[in-house]
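Report on the following structure.
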Amino acid sequence: MGTVVQKYGGTSVADVDKIRNVAEKIIATQVSGTDVVVVVSALGGTTDELLEMAYELNKDPHDREMDMLLATGEQISIALLCMAIAALGQDAISLTGAQVGIVTDSSHTKAKIVDVSADRIVDELEKGKIVIVAGFQGVTDDNDITTLGRGGSDTTAIALAAKLQAERCEIYTDVDGVFTADPRVVSDARLLKVVSYEEMLEMTATGTKVLQVRSVEYARNHKVVIEVKSSFSDAGGTVIKESDEMMEKAIVSAIAHDLEEAKITIFGVPDRPGIAAAVFRALADAQINVDVIIQNVSEKGITDISFTLPASDFVRGKQTIEELVKDLDARGSAFDEDIAKVSLIGGGMRSHPGIAARMFEILAENKINIDMISTSAIKISCVIEEKDADRAVRALHDGFNLKDADGLSSGA
Ligand code: ADP
Ligand code: ASP
Ligand code: MG
């Protein structure tokens, strides 16, 4: 019998009625003749509530304790989902990440999966059970509980699908699939039927939170085909897979935006070899992933360095830079949490000049100032003020005519 892995996100299990709805969908899949392994997130809002309580008690909580706390969210939902399935007459068993054998490294709060053992899952499937696994969590070789970063249940699902060589990995969420922009911001965003791993990686890396970026990397590396669908309707659905000849090669296929970044600037740094190395080594040692970096042209041997980083690393980044400013003999530093990054993504961009120019024109026509720019072969990102983010996304979606499937090259 084939195996299907299904993942249900927090909004899909936000209350008892929704949990019952998910239980019915799971049973229907099993009855159709496949083994079912389900990965579930914490009930909607739980992870945020736990984080809020933690920070109220301690501004810089220990990462190990944070993981101990956050992992409880998913433990609640697996047990409740099993109870709902049992009440509908089917046999299910809940398992934590540690019970399954999802082994991670020890970088608490953003741990990476290093090994997955599926023996326990296979045993339970052979007994005819539906297996419900807690997403987002793992365990180190030393038996400490870890979590995989926000949105990490997606990665759990894909890792299990890879290990079990599942027929399908279905990610159920609160929208119909992957759209040309966040459907909550752009009302006429278009559902994309197929997206390549390459484009989905750029979309998730630039803030499209429908999937965790690491889950897409994992899927690409292990050739797991992902289907993103709605928990609440049978409409739509997006398949994410390797790019092939038949796939639409859109010049611009989507707009992503990210409000969860912050910016740090170091002013008046001596412009000599080793300075950038010192700054970014200190940040790397503090486990901070830096995103866009700009170093100004130096004047009289002095320059400014700006970079963006995830908002969740802001406190740690600020501390690191404040200490470093003294050592580097820099003039000072500035910190800005009210920024946003908007990005254009498209596999066809690499062979079409003029896209960046058009993007900047659209932003200029809307009086939106660009603070920083970064590009890759299939992406252009602009850092702007947070208050302009929604307007920028809508203007770019309109300007590149993304609501029409064949309007992608117009405007460029
Ligand atoms: P879940 O709780 O199911 O994991 P998430 O909140 O993590 O759900 O992800 C789903 C959300 O992603 C949607 O509600 C939507 O607002 C947001 N989103 C952002 N960009 C896109 C996009 N391009 N296509 C679909 N959803 C998007
Ligand atoms: N509960 C975790 C979060 O809110 C993991 C997930 O939902 O995927 O980020
Ligand atoms: Mg999610």
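Numbering of ligands and ligand atoms starts at 1, following listing order.
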*Of the side chain and backbone of T173, name the one, both, or neither that has a heavy atom under 4.0 Å from an atom of ligand 1.*
both
*Charged N to carboxylate O below 4.0 Å: is that the case for E198 and R350?*
yes
*Is there a heavy atom in G151 that sits closer than 4.0 Å to ligand 2?*
yes
*At what distance, to the nearest 0.5 angstrom, does NE2 of H257 lie from OG of S343?*
10.5 Å
*What residue and heavy atom of the protein are closest to atom 24 (N) of ligand 1, and at what distance?*
F179 N, 2.9 Å
_Identified side chain to side chain donor-acceptor pair (under 3.5 Å) counterpart of T104 within the set T147, D141, T146_ = T146
*Tell me: protein heavy atom nearest atom 6 (O) of ligand 1, and distance?*
K209 CE, 3.4 Å
*Work out whether the distance between some heavy atom of G151 and some atom of ligand 1 is less than 4.0 Å.*
no
*Would a 4.5 Å heavy-atom cut-off, applied to side chains only, mark T180 and V186 as touching?*
no
_So for ligand 1, is P183 a polar contact partner (N or O within less than 3.5 Å, distance only)?_
no
_Sub-4.0 Å atoms of ligand 1 with respect to non-hydrogen atoms of G9_ = 1 (P), 2 (O), 3 (O), 4 (O)
*G10 near ligand 2 by a heavy-atom separation under 4.0 Å*: no
*Decide whether an N or O pair under 3.5 Å exists between G149 and ligand 2.*
no
_Judged on heavy-atom distance to atom 19 (C) of ligand 1, which of D258, T204, D182, V13 sits nearest?_
D182
*asked:* When you compare ligand 1 with M203, is there at least one nitrogen or oxygen pair between them that comes in under 3.5 angstrom?
replied: no
_Salt bridge or not between D119 and K163? Use side-chain N to carboxylate O under 4.0 Å._
no
*asked:* Please report the interatomic distance NZ(K25) to CD(E170), rounded to the nearest 0.5 Å.
replied: 8.5 Å
_Y8 and Y172 aromatic ring geometry - parallel, tilted or perpendicular at 30°/60° bounds_ = parallel
*Using a heavy-atom cut-off of under 4.0 Å, does the side chain or the backbone of K7 touch ligand 1, or both, or neither?*
side chain
*asked:* Please find the pair of heavy atoms, one from T11 and one from K18, that lie closest to each other, and give the distance.
replied: O-CD, 3.4 Å
*Would you call R20 and E24 a salt bridge, taking side-chain N to carboxylate O under 4.0 Å as the test?*
no
*Interfacing atoms of ligand 1 (cut-off 4.0 Å, heavy-atom, R184)*: 13 (C), 14 (O), 15 (C), 16 (O)
*Got an N/O contact under 3.5 Å between S12 and ligand 1?*
no
_N or O contact, D154 vs ligand 2, cut-off under 3.5 Å_ = no
_Rounded distance (nearest 0.5 Å) linking atom CD1 of I240 with atom CE of M200_ = 4.5 Å
*Of the options K7, R214, Q212, which is the one that meets D154 in a side chain to side chain donor-acceptor pair (under 3.5 Å)?*
K7
*State the atoms of ligand 1, each with its element, that fall below the 4.0 Å cut-off from a heavy-atom position in T11.*
2 (O)
*Where ligand 2 meets R150 - atom numbers and elements under 4.0 angstrom, heavy-atom basis*: 3 (C), 4 (O), 9 (O)
*Proximal atoms of ligand 1 relative to T208 (non-hydrogen, under 4.0 Å)*: 20 (N), 21 (C), 22 (C), 23 (N)
*So which protein heavy atom does atom 7 (O) of ligand 2 come closest to, and at what separation?*
S41 OG, 3.2 Å
*Which atoms of ligand 1 are found less than 4.0 Å from any heavy atom of G10?*
2 (O)
*asked:* Could you tell me, atom by atom, which parts of ligand 2 come under 4.0 Å of a heavy atom of E74?
replied: 1 (N), 2 (C), 5 (C)
*What are the two closest non-hydrogen atoms of H222 and A162, and how far apart are they?*
CB-CB, 3.8 Å
*So which heavy atom in the protein is nearest atom 13 (C) of ligand 1, and how far is it from that ligand atom?*
D174 OD1, 3.5 Å
*Calculate, to the nearest 0.5 Å, the distance between atoms SG and CG belonging to C169 and L160 respectively.*
8.5 Å
*Can you list the atoms of ligand 1 that are under 4.0 Å from a heavy atom of G177?*
24 (N), 25 (C)
*Using a strict 4.0 Å threshold on nitrogen-to-oxygen distance, state whether R281 and D285 make a salt bridge.*
yes
